Protein chains: 4
Amino acid sequence: MRGMGKQPVAERTPTRTTRKTRTVPRAVKGTRRRDQEVLDAAAKVFHTRGYADASVQDIADELGILKGSLYHYIDSKEDLLFRLLDETHEEVQAILEEVAALPDLSPLERLREYTRRQVDYTSRNLAKMAIYYHDADQLSDDRRRELTRKRRVHEKFVTDLITQAQERGEANASLDPKVVANCLFGSMIWVYRWYKPGGKLRPTELADTCAEFVLRGVIGDTASSR
Amino acid sequence: MRGMGKQPVAERTPTRTTRKTRTVPRAVKGTRRRDQEVLDAAAKVFHTRGYADASVQDIADELGILKGSLYHYIDSKEDLLFRLLDETHEEVQAILEEVAALPDLSPLERLREYTRRQVDYTSRNLAKMAIYYHDADQLSDDRRRELTRKRRVHEKFVTDLITQAQERGEANASLDPKVVANCLFGSMIWVYRWYKPGGKLRPTELADTCAEFVLRGVIGDTASSR
Amino acid sequence: MRGMGKQPVAERTPTRTTRKTRTVPRAVKGTRRRDQEVLDAAAKVFHTRGYADASVQDIADELGILKGSLYHYIDSKEDLLFRLLDETHEEVQAILEEVAALPDLSPLERLREYTRRQVDYTSRNLAKMAIYYHDADQLSDDRRRELTRKRRVHEKFVTDLITQAQERGEANASLDPKVVANCLFGSMIWVYRWYKPGGKLRPTELADTCAEFVLRGVIGDTASSR
Amino acid sequence: MRGMGKQPVAERTPTRTTRKTRTVPRAVKGTRRRDQEVLDAAAKVFHTRGYADASVQDIADELGILKGSLYHYIDSKEDLLFRLLDETHEEVQAILEEVAALPDLSPLERLREYTRRQVDYTSRNLAKMAIYYHDADQLSDDRRRELTRKRRVHEKFVTDLITQAQERGEANASLDPKVVANCLFGSMIWVYRWYKPGGKLRPTELADTCAEFVLRGVIGDTASSR
DNA sequence: TATGAATGAGGCTTCATTCAT
DNA sequence: TATGAATGAAGCCTCATTCAT
């Protein structure tokens with residue numbers, strides 16, 4: 001953002017300068033809709049080409065406007081990435097909070113529910129999740145660090161549940177909870193790399209199977225070890 | 001070779017056959033010492049910054065030579081990526097073949113061994129594996145397709161073993177083998193994203209735990225399904 | 001547009017349709033004013049330094065813009081060459097067609113008229129013709145082949161007229177029409193190599209003399225052959 | 001020639017440093033032969049790709065040696081061009097001198113002989129002549145100017161003969177001798193652009209026809225002038 | 001808001017040339 | 001002589017961003 005003072009960022013609550021009709025402010029909804037179109041176009045393009053390889057021109061093309069015009073909606077390319085990742089994070093975070101709020105679940109049942117919902121979300125939001133996991137490290141240092149910090153909440157959430165299950169004797173306590181958590185994340189997240197929507201496999205079944213898989217992994221079994 | 005102590009010259013006969021000949025693309029086996037240094041430097045840089053974001057300059061800097069000089073060893077930046085991915089694939093493929101050749105193993109035991117060795121390899125070759133899984137889609141179309149085709153062998157290997165285990169009654173047959181295989185891959189591959197070498201967690205333990213995790217996932221358990 | 005007075009804006013509707021769209025190569029007719037300036041600058045530079053030796057920087061300098069800005073108007077350096085050659089070919093082709101359409105001319109008279117007009121055109125468009133004859137072989141293979149194919153029309157046109165004149169007994173039939181045609185072309189084309197505009201020799205006289213010269217050559221004379 | 005003192009140029013009379021057998025100096029002939037091979041390779045490459053587009057690597061490839069090794073025979077790429085052009089000029093000049101020395105020829109007969117021999121030479125030395133006429137302007141300023149000056153001798157030779165023929169009443173004096181000379185050169189030189197050796201058309205016939213053509217052009221004819 | 005021309009930095013690649021062995 | 005690694009300059013092109021209209 002060369003030679004450009006940090007402007008009052010208009011992202012979510014857009015400052016609008018009335019021009020033609022000074023008396024009739026246009027519905028904020030219109031602006032918000034356009035903003036969302038921009039994000040969606042960016043998600044599609046970043047997913048297809050990768051953030052680093054995608055150009056601002058690509059996104060403008062996707063929207064059917066000119067590159068210069070796009071800068072009415074964004075501050076910079078990285079700003080777009082940030083907003084996308086932020087939006088995704090919010091939604092993923094919401095899932096965690098919903099699951100955390102469910103009453104009367106055992107740690108394992110809560111883990112199953114968490115995995116199920118995350119996989120379901122991922123399989124319905126492939127582009128966004130692909131960017132979330134593939135391109136987050138291209139944020140500016142500050143923002144990247146912050147996002148990493150926010151993600152830790154998920155790690156802690158899962159690791160804690162595993163630990164609790166082990167303490168309750170419901171899971172094999174000989175397995176390192178952190179490693180197990182990462183295995184769980186791997187199975188859960190990897191979906192964005194191989195799932196193709198539109199086929200026979202429905203998001204719900206996929207979510208069930210993945211949850212089943214990781215749950216068995218978490219539980220472990222001394223008997224099975226050879 | 002600016003600022004780089006002359007290293008013990010010995011290893012092999014330094015006969016180098018020209019690569020940059022207009023007509024001969026990438027022939028002649030026998031990658032020599034310097035070639036390997038170049039590959040290593042590239043692996044490091046691509047891992048750190050991502051292929052798309054890394055510049056040829058970065059790699060030259062890493063080697064302590066000028067950008068232009070690097071082109072003695074490579075045809076293009078993408079050529080470097082390809083060679084890296086190719087090398088990695090060979091090694092990963094070798095693991096599969098070793099495991100396939102082990103005598104007298106049940107499908108599940110073979111899966112455990114495959115996972116164990118892959119995780120072990122990954123945790124000892126983080127940079128290369130990170131590039132292998134993160135940047136392969138930035139190859140030229142032809143090369144990307146070929147690599148994708150080669151990777152399918154692994155999918156088939158794992159899926160077949162899962163199917164066999166299910167047929168033998170050693171694994172829960174109600175789970176879709178393809179989904180299960182991808183869950184396995186997820187846990188196994190994801191290691192490149194979170195494992196930090198040099199800590200307490202040794203590659204061997206990690207490999208054991210991951211293998212244990214995915215094996216339990218593959219086996220599944222009707223009783224456990226809620 | 002550094003150091004370049006704002007020129008009288010009028011001419012045409014400055015509607016410019018993007019050219020640099022990733023998908024639309026070089027569509028949309030209606031080269032506008034600035035496009036023509038670019039072509040003219042390129043013609044000047046290519047003529048002066050030769051296509052291979054000229055740099056994009058040279059052309060940008062000629063226009064008073066930055067190198068990068070030039071790419072608003074062109075796709076590549078070779079694209080510029082192509083457009084220049086294409087434009088030239090169109091104009092040269094138009095001459096052929098005009099001459100072919102003239103009614104009631106004998107083959108020889110038609111040849112004279114063709115030569116006269118081509119020489120006249122050449123002497124008034126030295127830069128373009130120099131590029132046309134000097135640098136066409138630096139086009140990409142496809143484009144070069146197409147241009148070569150188009151040029152053949154001229155060869156056939158001239159050779160046919162020569163043959164007709166010979167059949168009518170108006171030209172010495174003992175001379176190979178193809179060789180004669182090439183001699184004619186040589187005299188006619190070579191003008192771009194030696195004619196200096198601004199001197200005493202006017203394009204019209206030059207054209208007359210050249211036409212006279214080649215016509216006598218075509219006619220030949222048995223008596224004169226030693 | 002960066003940071004390299006002008007060395008005693010060894011082109012024609014090669015300074016040799018005896019190395020192995022101090023007593024038996026190798027035949028100078030061997031060195032000369034190698035020099036000629038280098039020139040020939042350069043001629044081939046420059047003809048095929050054009051001087052500006054050809055690389056030193058191309059020439060080394062053609063010779064089957066490495067680029068670095070080539071610099072044992074040349075001072076620079078431009079040096080190669082110069083030697084080639086110089087050699088060509090010598091040979092072309094020799095033709096002029098031979099023709100000038102022929103006794104008892106009328107101006108027209110001398111012109112015919114000059115043209116005939118030049119065309120014959122051109123058709124047998126296409127590569128060298130193509131470079132001579134196509135790439136001479138890429139010499140360094142000094143050398144280019146000198147070559148241009150040398151070429152003027154030919155212009156004067158031909159123009160003088162034309163003038164003499166006109167004064168004798170053997171050629172149409174209403175045509176500007178300089179223009180006529182250039183027409184003659186055009187037909188004569190153009191051969192390098194269209195003649196394909198190995199076909200039916202033999203150099204001798206070609207030379208005869210071209211000479212016939214230009215002679216008729218030089219003679220002109222009042223009757224024919226419309 | 002939209003346009004599109006212009007910027008300027010940076011990226012990939014080529015290449016003539018040098019030089020130690 | 002031959003090699004081949006290295007240099008350093010230059011060339012083509014892309015692209016995020018700005019800005020006047």
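As the structure is a computational prediction, the values presented were derived from the model and not from experiment. Labels below follow one simple rule: chain letters A, B, ... track the order of the sequence lines, proteins then strands, and each chain is numbered from 1.
The distance between atom CG of B:L63 and atom C1' of F:dT7, rounded to the nearest whole Å, is 15 Å. Summarising the geometry, the separation between CG on C:D53 and P on E:dT14 is reported as 19 Å, rounded to the nearest angstrom. The nearest whole Å value for the distance from the CG atom in C:L70 to the C1' atom in F:dT14 is 13 Å. Following rounding to the nearest Å, A:D35 (CG) and E:dT1 (C1') show an atom-to-atom distance of 13 Å. Rounded to a whole Å, the OH atom of B:Y71 is 16 Å from the P atom of F:dA6. For C:D61 and E:dG8, the CG to P distance is 14 Å, given to the nearest whole Å. Rounded to whole Å, atom P of F:dT14 lies 16 Å from atom CD of C:Q57. In this structure, C:R49 places its CZ atom 11 Å from P of F:dC12, rounding to the nearest Å.
Among the nucleotides F:dA10, E:dA6, F:dA6, the one closest to any side-chain atom of B:K67 is F:dA10. Nearest to the side-chain atoms of A:L66 among the listed nucleotides E:dC12, E:dG4, F:dG4 stands E:dG4. Comparing E:dG8, F:dA2, F:dG4 by their nearest atom to the side chain of D:H72 picks out F:dA2. Listed nucleotides E:dA2, E:dT7, E:dT17 differ in distance to A:Y73; the shortest reach to its side chain belongs to E:dA2. Side-chain proximity of D:I65 to the nucleotides F:dT3, F:dG8, F:dC13 is greatest for F:dT3. Listed nucleotides E:dA16, E:dT13, F:dC13 differ in distance to C:K77; the shortest reach to its side chain belongs to F:dC13.
Annotation: side chain of B:H72 is not in contact with side chain of B:R34 (no heavy-atom distance under 4.5 Å).
No engagement by B:A60 is indicated, since no non-hydrogen atom pair under 4.0 Å with the nucleic acid exists. Within 4.0 Å of D:A54, counting heavy atoms only, lie sugar-phosphate atoms of the nucleic acid but no base atom.
Put simply, the side chain of C:H47 never gets that close to the backbone of C:I131: no donor and acceptor are under 3.5 Å apart.
Under the side chain to side chain contact (heavy atoms under 4.5 Å, CB included) criterion, D:Q36 pairs with D:L39, D:D40, D:E87, sequence neighbours left out. Under the side chain to side chain contact (heavy atoms under 4.5 Å, CB included) criterion, A:A52 pairs with A:Q138, B:A52, sequence neighbours left out.
Each of B:S55 and D:I74 has a nearest nucleotide on DNA chain E; the 5'-most of these lies closest to B:S55.
In summary, of the residues considered (D:D86, D:L85, D:D142, D:D137), a side chain to side chain contact (heavy atoms under 4.5 Å, CB included) with D:L147 occurs for D:L85 alone.
Remark: the D:S55 side chain and the D:D58 side chain contain an N/O donor-acceptor pair separated by less than 3.5 Å.
Salt bridge present: C:R33 and C:E37 bring a charged side-chain N and a carboxylate O closer than 4.0 Å.
Ring pair D:Y51/D:F46 is perpendicular by interplanar angle, where above 60° counts as perpendicular and below 30° as parallel.
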5'-to-3' dot-bracket of DNA chain F (Watson-Crick, G-U; under 3.5 angstrom; crossing pairs as [ ]; | other strand)
.||||||||||||||||||||

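For C:S69, a side-chain nitrogen or oxygen approaches OP1 or OP2 of E:dT7 to under 4.0 Å.
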